Amino acid sequence: MADLLSDDEIEAELPDGWDREGDEIVRIYEFDDYLRGVNFAQMVGEIAEAQFHHPEIIIRYAELEIRLTSHEEGGITEDDIEMAELIEAERGD
Ligand SMILES: C[C@H](O)[C@H](O)[C@H]1CNC2=NC(N)=NC(=O)C2=N1
């Protein structure tokens with residue numbers, strides 16, 4: 001189990017474009033159309049399975065909302081930061 005990060009650590013390590021909301025880190029990605037968002041959700045799911053750390057993914061028209069937290073620890077850990085970084089790399093922004 002990873003350790004919970006402090007407020008300062010979260011602020012320092014949060015990737016650009018991501019926000020902290022309580023015990024979660026959140027990012028909304030915009031897409032040109034609905035299916036591009038659906039396809040990206042699939043890729044995020046594959047990363048999550050590889051990491052065995054699973055985000056909440058909300059698929060809306062032409063956007064995805066991705067929310068990460070470490071359920072077992074009850075907050076934000078390095079696992080969440082790493083997932084956010086991997087998702088950013090996949091997005092290529
Ligand atoms: C039983 C527990 O859900 C599993 O060990 C893994 C699976 N994926 C997970 N994903 C997230 N976001 N948090 C967890 O604590 C977590 N735990």
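Just so it is clear, the model here is predicted, and its values are computed rather than measured. Each ligand, and each atom within it, is numbered from 1 in the order the structure gives. Numbering starts at 1 and runs along the sequence shown.
- Ligand 1 places these atoms under 4.0 Å from at least one heavy atom of F52: 4 (C), 5 (O), 6 (C), 7 (C), 8 (N).
- Inter-residue side-chain proximity for E90 and I47 is flagged as met; some heavy-atom pair is nearer than 4.5 Å.
- In this structure, atom 14 (C) of ligand 1 lies nearest to the protein heavy atom H71 N, 3.6 Å.
- Considering NE2 of H71 and CD of E56, their distance stands at 8.0 Å, rounded to 0.5 Å.
- At under 3.5 Å, a nitrogen or oxygen of T69, whether backbone or side chain, sits near a nitrogen or oxygen of ligand 1.
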| query | Passes side chain to side chain donor-acceptor pair (under 3.5 Å), H54 versus E49? Steps please. | reply | CA-CA 7 Å; H54 302 84; E49 279 295 286; 2.6 Å; yes

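- Between S70 and ligand 1, a contact under 3.5 Å exists for no N or O pair.
- Between E88 and R27 a salt bridge is recorded (basic side-chain N to carboxylate O distance below 4.0 Å).
- In this structure, R60 fails the cation-pi test against Y29, since its NZ or CZ atom is not both closer than 6.0 Å to the six-membered ring centre and inside 45 degrees of the ring normal.
- Annotation: N39, atom CG; neighbour count of heavy atoms from other residues, nucleotides and ligands within 6.0 Å is above 12.
- For a threshold of 3.5 Å applied to N or O pairs, the pair formed by D80 and ligand 1 contains no separation below that value.
- Annotation: atom 7 (C) of ligand 1 to nearest protein heavy atom, H54 ND1, 3.5 Å.
- Summary of contacts: the protein heavy atom closest to atom 3 (O) of ligand 1 is E72 OE2, 4.0 Å.
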